[in-house]
Protein chains: 2
Amino acid sequence: MKNLTNHSDGVGIAAVERDTGLPKDTLRVWERRYGFPQPLRDANGERVYPAAQVDKLRLIRRLLDQGLRPSRIVAASTEELAQLLEASPEAAPPAAPAGWDTLLAFMQRQDGAALQRALQQSLLKQGLQRFLADTLTPLTDAVGQAWLRGELSVAGEHLYTEQVHNVLRGAIASQGGHGGSPSILLTTFPNELHSLGLLMAEAMFAPEGARCTSLGTQTPLADIEHAATQGGIDVVALSFSAAYPPRQAVEGLTTLRARLPAGIALWAGGQAVREQQRKLPGIRVIADLHDGIAALAEWRAAHPA
Amino acid sequence: MKNLTNHSDGVGIAAVERDTGLPKDTLRVWERRYGFPQPLRDANGERVYPAAQVDKLRLIRRLLDQGLRPSRIVAASTEELAQLLEASPEAAPPAAPAGWDTLLAFMQRQDGAALQRALQQSLLKQGLQRFLADTLTPLTDAVGQAWLRGELSVAGEHLYTEQVHNVLRGAIASQGGHGGSPSILLTTFPNELHSLGLLMAEAMFAPEGARCTSLGTQTPLADIEHAATQGGIDVVALSFSAAYPPRQAVEGLTTLRARLPAGIALWAGGQAVREQQRKLPGIRVIADLHDGIAALAEWRAAHPA
DNA sequence: TACAAATTTTGTCCAGGACAAAATGAAAGC
DNA sequence: GCTTTCATTTTGTCCTGGACAAAATTTGTA
C-alpha cells in the first residue's frame, strides 16, 4: 500500500485531491493537456506536488468556481491568475474584521482561552445571529486567508475552529427550546468534514424556533434518507465547503432529492453549491446565513400550522 | 462528461464510492481479483452496480472494519457474511449498560433531545469523572457493537456522537478554571478523525486542574511540534481509536518524541496504542481514563511547582 | 434577434500493470 | 514457554494512455 502523505518536499496526489477538491483523474488529465500541474516524481515514479503548485491549484479552483474555463487559466502564470482574481466580481479582499490583529495574535501563540473569551464577548455584545453574520463569517474568511498566506499555522486554524465550536455549542444549548417547527436535520455528505458551516447553520436556525437535529459530518446518503424518514423530519439541510467538488455535490443532491419523499424539503448551503441553483430543481440553495432565515420563512408560509 | 448517476436499475462507480467509502480503484481491483462485485455494464461499457451489490459491499465494509481480511469475505456469499457477523462480536459481549434499551431506542428514532437529556441526567447524578468512566465508556462500546451488528444505523451512531459532544463540551466549559498546571495540548494525528476519545480525555483532565488546549482532530506532526513549543505546553496528549493502524501510531509517536524537546512530555491513549508501551520509550501510554489521572499525578510529582 | 446545429472543451471512466506497505506465517533466540 | 526477526503473501493505491458523453461555445439559419 502506498503512502498518501508528505515526502520531504511535497505531497501525494490523494492529499492534493483532499485539499483542493480536484479529483485525481482531473489532476492527471490537466497535466497531460495543459502542462500544469507538473509534479515531481519520487523514486517509484509517483507524483509529488510541491506546496507552491498546490497553492496555485487552489487559486485555479477559486477562479473555476467563478465560471472561468480551464483552458484559459490552468496554463496561465500565477501573476495572470492573481490579476484575474482581482478583476473578478468577488474581488474585494474584505477589510480585516474588527480586532483582527489581537485575535490573530491569540491564534499564533496558541492561547485558546483568550480567543474563546474574545469570541464570547462579541457574542454577548451582538447577540447570536448578528455575531454569526457580522463577526464569525468574515473572521472565518480571514483565518482561511491568513492560513493561505502562511501567517497562520494549521494548529492556529484548528485552535480557532475548536473555540468557535465551544462558543457556538454553548450558545445553541442555551437557546434551549427543542420544541418548534420545522424539524431540520443537518449534516454533510461523506468526504465533507468541515463542521463549521453546519454548526453556524444550526446556530442560525435554532433561535428562530426550528427543531434542529445535527448528525455531524459525513453521513452516507442512504443513512440521511433513513434518518429523515424515521425521525419525522421536515427539512434536510446539507452543508458544503469550498473544497467540495461541485459536481459531486450536484450529483449527490439530485440523487437524494429523488430518494426523499416529496414532503421533505431539501436545502443546500455553502461555497460549493452557491452558483448551482439552476442545476438543482426541487432543492433550495441557501446563499448565506440571511438567506437561511428567508428559506425558513418561505417554508413556514407554505406550511401553516 | 460522464454521468455518475443512477441508470434505471443501478448506480455508477462514483456513487458506490460515496455510499460505501470504498475507493473506485479498490472496487475495480476486487472485481478483478475476487470476482465481486460484478456490476452490469451500460451501453458505454461503464459499471452499473445493482442495489443488492451495494448493500453487500456495505456489509463487507463493516466486517472489514472489524479486522477480517478481504480474501476471506469479498468472495463469500451473503449468507456466509451474515454468519460471520453473528459469530464475531468479539469474545465477551459485554453486559449492556444500564438503561441501554431506552437509549438505543432514542438513537433508532433519531430523538437527539431525549438522548441528550438522558446523558445529562447521568452526568448530574454521577459527576463528570464517574460519568466518563462508568457510563460513557461502556456506552460508546455498546453503540459501536450495535452498529456492527446492524442494529443501529450510521445516522444513529452519529446522533450519539453529536449528543456526547454537546454534553461534554458543556461540562468542560462549566468546569471553567483555565489556570492550572500542567498545560496539556490535545489532538490526533492526520487520518485519525475520532474526536470522542480526545474530548473524553479533556473532560477527565480539566476538572483535575490541568490547563487543556484541544486542537481537535488531524493535526500534522510538524504543526503539533510547532504548537507545543510556541504555546508553553508541558504535555502533548494524543488519542488513537481502534481503527488507527498501530504501526503508524508507533512510528508517528517515535518521530514526534524525537522532535519534541525533552522537557515536554508525550502521552498516548486509546485502543491502538494500549499494548504498545514497550515499543514507545519516553512516551507515557495511557491505558484508560483512570490511568490518565495517574499519569497526571506522576507528572506533578516529578514537577513540583 | 432568437433558435438550432456543428464544434470544441472538459471531466470521468476504463484496462491492465506495477509496487510498497501491511498482514501473516515460519524460523530463530531469550 | 514467549518474544523477536525474517520471508512470504496479501492488499490498496498509483501509473499510462485511450475513449467518450455531457456541457459549453461557436457557427449557421430562419
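Throughout, a chain's letter reflects where its sequence line sits, starting with A, and its residues are numbered from 1. These numbers were taken from a predicted model, which means no experiment stands behind them.
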*asked:* Any side-chain N or O of A:Q248 below 4.0 angstrom from OP1/OP2 of C:dT12?
replied: no
*asked:* Rounded to whole Å, please give me the gap between CG in A:D25 and P in D:dC14.
replied: 11 Å
*Once the angle between the rings of B:F240 and B:F189 is folded into 0 to 90°, is it parallel (under 30°), tilted (30 to 60°) or perpendicular (over 60°)?*
perpendicular
*Rounded to the nearest Å, what distance is computed from the CG atom of residue B:L64 to the C1' atom of nucleotide C:dA23?*
13 Å
_Does D:dT10 have OP1 or OP2 under 4.0 Å away from a side-chain N or O of B:Y34?_
no
*Take the protein atom CZ of A:R72 and the nucleotide atom P of D:dT26, then report the distance between them rounded to whole Å.*
7 Å
*Contact class for B:P245 vs. all strands (heavy atom < 4.0 Å): base, sugar-phosphate, or nothing?*
nothing
*Test B:R28 against B:E17 for salt bridge (charged side-chain N to carboxylate O under 4.0 Å, His left out), laying out the working first.*
CA-CA 11 Å; B:R28 286 194 273 251; B:E17 175 178 42; over 6 Å; no
*End-to-end bend of the helix from C:dT1-D:dA30 to C:dC30-D:dG1 (five-pair axes, 10° rounding)?*
30°
*asked:* Heavy-atom count check: over 12 atoms from other residues, nucleotides or ligands less than 6.0 Å from B:Q38 CD?
replied: no
_side-chain N/O A:W30 vs C:dT10 OP1/OP2, d < 4.0 Å_ = no
_Side-chain donor/acceptor contact of B:R32 with base of C:dG16 under 3.5 Å_ = yes
*Name the closest nucleotide to the B:K24 side chain, picking from C:dC13, D:dC14, D:dT13.*
C:dC13
*asked:* Which residues pass the salt bridge (Lys or Arg N to Asp or Glu O under 4.0 Å) test with A:R284, not counting sequence neighbours?
replied: A:D291, A:E298
*Does the side chain of A:R28 get closer than 4.0 angstrom to OP1 or OP2 of C:dG11 through an N or O atom?*
no
_Nucleotide D:dA24, atom P - distance to NZ of A:K279 in whole Å_ = 5 Å
*Counting heavy atoms from C-beta on, name the nucleotide in C:dA20, D:dC20, C:dG11 closest to the side chain of A:V29.*
C:dG11
*If you check every side-chain atom of A:R33, which of D:dA19, D:dT10, C:dA18 has the closest atom?*
D:dA19
*Between D:dG12, C:dA15, C:dT10, which one does the side chain of B:P70 approach most closely?*
D:dG12
*Does anything in residues 54-84 of chain B pair up under ring pair (Phe, Tyr, Trp, His ring centres under 6.0 Å), and if so which pairs, sequence neighbours excluded?*
none
*Distance, rounded to the nearest Å, where B:R41 contributes CZ and D:dC20 contributes P*: 15 Å
*Might you work through the side chain to side chain donor-acceptor pair (under 3.5 Å) test for A:S153 and A:E157, ending with a clear yes or no?*
CA-CA 6 Å; A:S153 67; A:E157 199 193 11; over 6 Å; no
*Choose from C:dA15, D:dC15, C:dT12 the nucleotide whose nearest atom is closest to any side-chain atom of B:R47.*
C:dA15
*Identify, between B:P246 and A:S71, the residue whose nearest nucleotide on DNA chain C lies closer to the 5' end.*
A:S71
*Look at the side-chain N and O atoms of A:T26 and state whether any lies under 4.0 Å from the OP1 or OP2 oxygen of C:dT12.*
yes
*Separation of D:dT16 P from A:E31 CD (nearest whole Å)*: 7 Å
*Could you walk me through whether B:S77 and B:E80 pass side chain to side chain donor-acceptor pair (under 3.5 Å), step by step?*
CA-CA 5 Å; B:S77 72; B:E80 288 176 281; 3.3 Å; yes
_Separation of D:dA22 P from A:R247 CZ (nearest whole Å)_ = 12 Å
*In this structure, are over 12 heavy atoms from other groups packed under 6.0 Å from A:Q277 atom CD?*
yes
*Could you state the atom-to-atom distance from CG of B:L27 to C1' of C:dA15 in whole Å?*
15 Å
_Distance test, side-chain N/O of A:R69 to OP1/OP2 of C:dT10, below 4.0 Å_ = yes
